[in-house]
Amino acid sequence: MLFHTRKWVKPEDLNPNSTLFGGKLLAWIDEEVALYAIIQLENPRIVTKHMSEINFRSSAKKGDIIEIGIDIVKFGRTSLTLKCEVRNIMTHETIITIDTITMVSLDLDGKPLAHKKTLL
C-alpha cells in the first residue's frame with residue numbers, strides 16, 4: 001500500500017471527545033481517493049460511487065500526524081476500485097480501513113465513461 005498524504009490533526013478536526021472527528025477523516029479520504037483516481041484515469045471528472053464497510057479501529061488526537069494509504073483493487077470498464085488504510089504515525093496504530101472504494105469516470109454530460117485503463 002502506498003501512503004501518499006499526511007495530515008496534522010488540529011483543534012478544528014476534533015469531535016466533542018477530543019479525538020479526530022470521523023466525518024473529517026472520511027472527507028480527507030474521499031478527497032485523496034478522488035485525486036488518486038483522477039491521476040490514474042486521466043480524467044478530472046470522477047465521482048465516488050461506493051464505499052464498503054468503514055472499520056474504525058483507533059483514533060487520533062490533537063497534534064497527531066496521520067497518513068492515508070491507497071492501493072488499487074481493480075479496474076472496471078468505467079471505474080477504479082481502491083482500498084484504503086489510515087494510520088497514526090505517532091502511535092503506529094491503524095485508525096481506519098476501507099476494503100473497497102469505487103470511483104467512476106464521467107464524460108462531459110455526467111454519464112459513465114469507459115477509461116480503457118487496465119494497469120497502473
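All of these numbers come straight from a predicted model, not from anything done at the bench. Excluded from the calculations below are hydrogen atoms, water molecules and symmetry mates; all remaining heavy atoms, backbone and side chain alike, are included.
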For this session: Decide side chain to side chain contact (heavy atoms under 4.5 Å, CB included) for Ile72 and Leu80; before the verdict, give the C-alpha distance in whole Å, the side-chain angles of both, and the deciding distance to 0.1 Å.
Result: CA-CA 7 Å; Ile72 294 174; Leu80 175 61; 3.8 Å; yes
Using a 4.5 Å cut-off on heavy atoms from C-beta on, say whether the side chain of [Y] contacts that of [X].
| X | Y | answer |
| --- | --- | --- |
| Leu82 | Asp71 | no |
| Ile101 | Cys84 | yes |
| Leu113 | Asn43 | yes |
| Val47 | Met103 | no |
| Leu41 | Ile46 | yes |
| Val9 | Lys61 | no |
| Arg87 | Ile95 | no |
| Leu20 | Trp28 | yes |

For this session: Ignoring hydrogens and angles, state whether a donor on the side chain of Thr5 or Glu32 is under 3.5 Å from an acceptor on the partner side chain.
Result: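 Short answer, yes.
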Taking a hydrophobic cluster as the set of Ile, Leu, Val, Met, Phe, Trp and Tyr residues connected by side-chain heavy atoms closer than 4.5 Å, whether directly or through intermediates, do [X] and [Y] fall within one such cluster?
| X | Y | answer |
| --- | --- | --- |
| Leu26 | Tyr36 | yes |
| Ile29 | Phe56 | yes |
| Ile89 | Ile96 | no |
| Leu35 | Phe75 | no |

Closest non-hydrogen atom pair between [X] and [Y], with its separation:
| X | Y | value |
| --- | --- | --- |
| Trp8 | Ile65 | CD1-CG1, 4.2 Å |
| Lys62 | Pro11 | CD-CG, 3.5 Å |
| Phe3 | Glu85 | CE2-O, 3.6 Å |

For this session: State plainly whether the residues Asp99 and Lys83 are in salt-bridge range, i.e. N to O under 4.0 Å.
Result: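 Lys83 and Asp99: not salt-bridged.
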Problem set entry | Lys117/Glu42 salt bridge by N-O under 4.0 Å criterion | yes
Exercise. Can Leu25 and Ile66 be said to form a side chain to side chain contact (heavy atoms under 4.5 Å, CB included), step by step?
Worked result: CA-CA 10 Å; Leu25 179 57; Ile66 65 161; 3.7 Å; yes
Exercise. Any chance CZ of Arg45 has more than 12 other-residue heavy atoms, nucleotides or ligands included, within less than 6.0 Å?
Worked result: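 Above 12, so yes.
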For this session: Tell me, yes or no, whether the heavy-atom count around Glu12 atom CD, taken from other residues, nucleotides or ligands under 6.0 Å, exceeds 12.
Result: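 Counting other residues, nucleotides and ligands, CD of Glu12 exceeds 12 neighbours.
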To the nearest 0.5 angstrom, please state how far the [atom1] atom of [X] sits from the [atom2] atom of [Y].
| X | Y | atom1 | atom2 | value |
| --- | --- | --- | --- | --- |
| Leu14 | Phe21 | CG | CZ | 11.0 Å |
| Glu31 | Thr48 | CD | OG1 | 11.0 Å |
| Lys49 | Thr102 | NZ | OG1 | 8.0 Å |
| Asp64 | Glu93 | CG | CD | 9.5 Å |
| His4 | Glu67 | NE2 | CD | 11.0 Å |

Are the side chain of [X] and the backbone N or O of [Y] linked by a donor-acceptor pair below 3.5 Å?
| X | Y | value |
| --- | --- | --- |
| His115 | Gly76 | yes |
| Ser58 | Thr94 | yes |
| Ser79 | Val104 | no |
| Asn88 | His92 | no |
| Asp109 | Lys111 | no |

For this session: Starting from the C-alpha separation in whole Å, work towards a yes-or-no answer on side chain to side chain contact (heavy atoms under 4.5 Å, CB included) for Thr97 and Arg57.
Result: CA-CA 8 Å; Thr97 57; Arg57 299 165 83 187; 3.4 Å; yes
For this session: Could you check Asp30 against Met51 for side chain to side chain contact (heavy atoms under 4.5 Å, CB included), going step by step and ending with a plain yes or no?
Result: CA-CA 9 Å; Asp30 196 38; Met51 277 193 189; 4.1 Å; yes
